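Okay, so here's the structure we're looking at.
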Amino acid sequence: MNKRLIMSYLLAAVLAVAGLTGVADSQTVQAAASANDYASHTAKAAIDFGVQKKYLWLDSKGNYYPNSQITQGQFIVSLVAIRGLKEVAPVPELPAGHWAKMSYEQARKAGILENVKIDPNRLLTKEETALLVFNTWKPYRGEKSPNLTNTGALVTWGWMKPAPNGQPKFREDLPVLRSDGAEILQFMWQDKWQLEQGSKYADEFHKSLKVVNGKITGKVPKGDGNFLIRAMFITNDDERNGFLNNESFKVPVSTVNSLSFEVISSKDSVIAGGYWYPKLPRLDRENRTQKFYR
């Protein structure tokens with residue numbers, strides 16, 4: 001058994017003892033890694049972010065073991081924490097008292113374990129990790145592209161790094177380190193938060209819309225500086241008439257035929273909310289927020 005695999009199994013055992021808090025016996029931890037083991041790691045920001053948001057955990061000495069391969073159990077516990085899941089379904093594959101049993105039960109209820117063989121100690125590959133990501137994120141971004149593997153789809157989406165130069169870009173069998181997992185999970189947390197904000201601003205905008213005396217009136221939400229928010233009318237002459245954060249409008253119904261509303265992240269230009277009003281002056285809307293496969 002190679003050194004990396006031995007260390008990965010040791011880490012799994014340490015964190016299993018630690019349970020969901022990630023706090024293990026200090027002597028055992030000291031045998032597995034040195035103190036402050038991610039202070040100079042390229043994933044430090046992602047690890048710190050996850051610890052702050054309480055979906056990643058450090059041991060009693062502040063270690064994370066970024067260069068060890070992540071296990072199925074560790075990743076699922078974090079996925080469940082990000083989703084904030086509460087409801088459960090039975091997971092008889094795990095014994096009563098198992099450190100991850102509750103998280104697996106919550107994951108099963110949410111569909112995260114679809115096509116997944118239960119094995120908390122399993123060292124995850126890219127393909128196995130990407131499958132868990134897509135299962136977890138189906139309520140938010142829908143299905144992945146059927147023309148790509150899970151790995152290929154997640155690399156294309158930008159949440160997983162491609163294989164090193166000289167190897168097939170979408171190589172599925174490569175290991176996923178705990179540092180890699182931290183970076184993927186940060187993308188997921190931020191995406192969920194952005195989608196929640198996008199939905200909130202879309203509802204605020206929708207409630208402001210009125211048709212009075214032949215004119216459509218409303219106001220684009222002010223936002224908080226994290227998003228560019230815009231409403232765009234498509235005129236009968238196929239031109240655009242747009243309004244941005246905190247702007248009010250009063251547009252003659254006779255001059256326009258449709259309206260789009262978008263919430264765009266100022267940080268990474270991700271569309272956090274996209275809606276379409278196709279049949280003005282009716283104010284029925286369609287949710288066109290970007291999906292994994294569209």
Side-chain angles (χ1 to χ4, degrees), residues 8 11-12 15 20 22 38 41-58 64-85 100 103-104 106-107 110-116 120 122-145 148-164 167 169-196 265 267-270 272 290-293:
S8 296
L11 173 63
L15 292 186
L20 299 185
Y38 73 96
H41 199 282
T42 55
K44 181 181 186 302
I47 296 167
D48 283 338
F49 186 88
V51 172
Q52 177 192 359
K53 299 301 181 182
K54 299 182 180 179
Y55 61 80
L56 293 179
W57 301 269
L58 306 178
Y64 180 73
Y65 311 91
N67 297 320
S68 294
Q69 193 169 352
I70 197 166
T71 68
Q72 183 190 93
Q74 293 160 9
F75 198 59
I76 285 175
V77 167
S78 292
L79 292 173
V80 166
I82 289 176
R83 281 282 304 271
L85 299 173
S103 292
Y104 270 81
Q106 292 162 336
I112 295 173
L113 301 183
E114 183 178 353
N115 298 319
V116 174
R122 183 175 181 82
L123 302 175
L124 291 182
T125 64
K126 283 193 166 188
E127 185 67 7
E128 293 163 341
T129 301
L131 172 61
L132 287 168
V133 170
F134 285 120
N135 284 352
T136 304
W137 232 238
K138 196 175 295 184
Y140 302 107
R141 296 288 189 179
E143 302 280 354
K144 75 169 185 67
S145 169
L148 293 169
T149 62
N150 293 301
T151 302
L154 202 59
V155 169
T156 300
W157 187 254
W159 287 2
M160 179 176 277
K161 296 174 183 175
Q167 300 184 31
K169 181 178 180 180
F170 298 155
R171 185 176 165 187
E172 304 169 21
D173 63 324
L174 291 176
V176 174
L177 304 182
R178 284 172 55 79
S179 56
D180 300 324
E183 292 174 338
I184 293 170
L185 290 163
Q186 183 179 21
F187 281 124
M188 297 177 76
W189 190 98
Q190 291 176 329
D191 193 54
K192 180 173 180 281
W193 178 81
Q194 289 179 339
L195 290 172
E196 289 170 346
S265 169
K267 178 181 179 181
D268 54 18
S269 299
V270 166
Q290 187 177 7
K291 301 296 183 182
F292 281 129
Y293 175 60

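Quick caveat: nothing in here was measured; it's all calculated off a predicted structure.
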Residue list, side-chain hydrogen bond (donor to acceptor under 3.5 Å, both in side chains) with E196, at least two apart or on another chain: K192

Under 3.5 Å donor-acceptor, S179 side chain and N67 backbone: no

Less than 3.5 Å apart, which donor and acceptor atoms pair up between the side chains of residues 151-163 and the rest of the protein, not counting sequence neighbours?
| residue | atom | partner | partner atom | Å |
| --- | --- | --- | --- | --- |
| T151 | OG1 | E127 | N | 3.2 |
| T151 | OG1 | E127 | OE1 | 2.6 |
| T156 | OG1 | G152 | O | 2.7 |
| K161 | NZ | E183 | OE1 | 3.2 |

Side-chain touch I70/L177, heavy atoms, less than 4.5 angstrom: no

Min side-chain heavy-atom separation L185-I82 under 4.5 Å: yes

Intermediate values then yes/no, side-chain contact (heavy atoms from CB on, under 4.5 Å), V176 and E128: CA-CA 9 Å; V176 174; E128 293 163 341; over 6 Å; no

Q69 (side chain) donor-acceptor with L124 (main chain) under 3.5 angstrom: yes

D173: side-chain hydrogen bond (donor to acceptor under 3.5 Å, both in side chains) partners, not counting sequence neighbours: R171

Show me the donor-acceptor pairs within less than 3.5 Å that the side chains of residues 130-140 make with the rest of the protein, sequence neighbours left out.
| residue | atom | partner | partner atom | Å |
| --- | --- | --- | --- | --- |
| N135 | ND2 | I112 | O | 3.0 |
| N135 | ND2 | E114 | O | 2.9 |
| T136 | OG1 | L132 | O | 2.6 |
| W137 | NE1 | D191 | OD2 | 2.8 |

Y104 side chain near V80 side chain, heavy-atom distance below 4.5 Å: no

Any residue meeting salt bridge (charged side-chain N to carboxylate O under 4.0 Å, His left out) with D48, in chain and number order, not counting sequence neighbours: K44

With sequence neighbours excluded, residues passing side-chain hydrogen bond (donor to acceptor under 3.5 Å, both in side chains) with Q194: S265

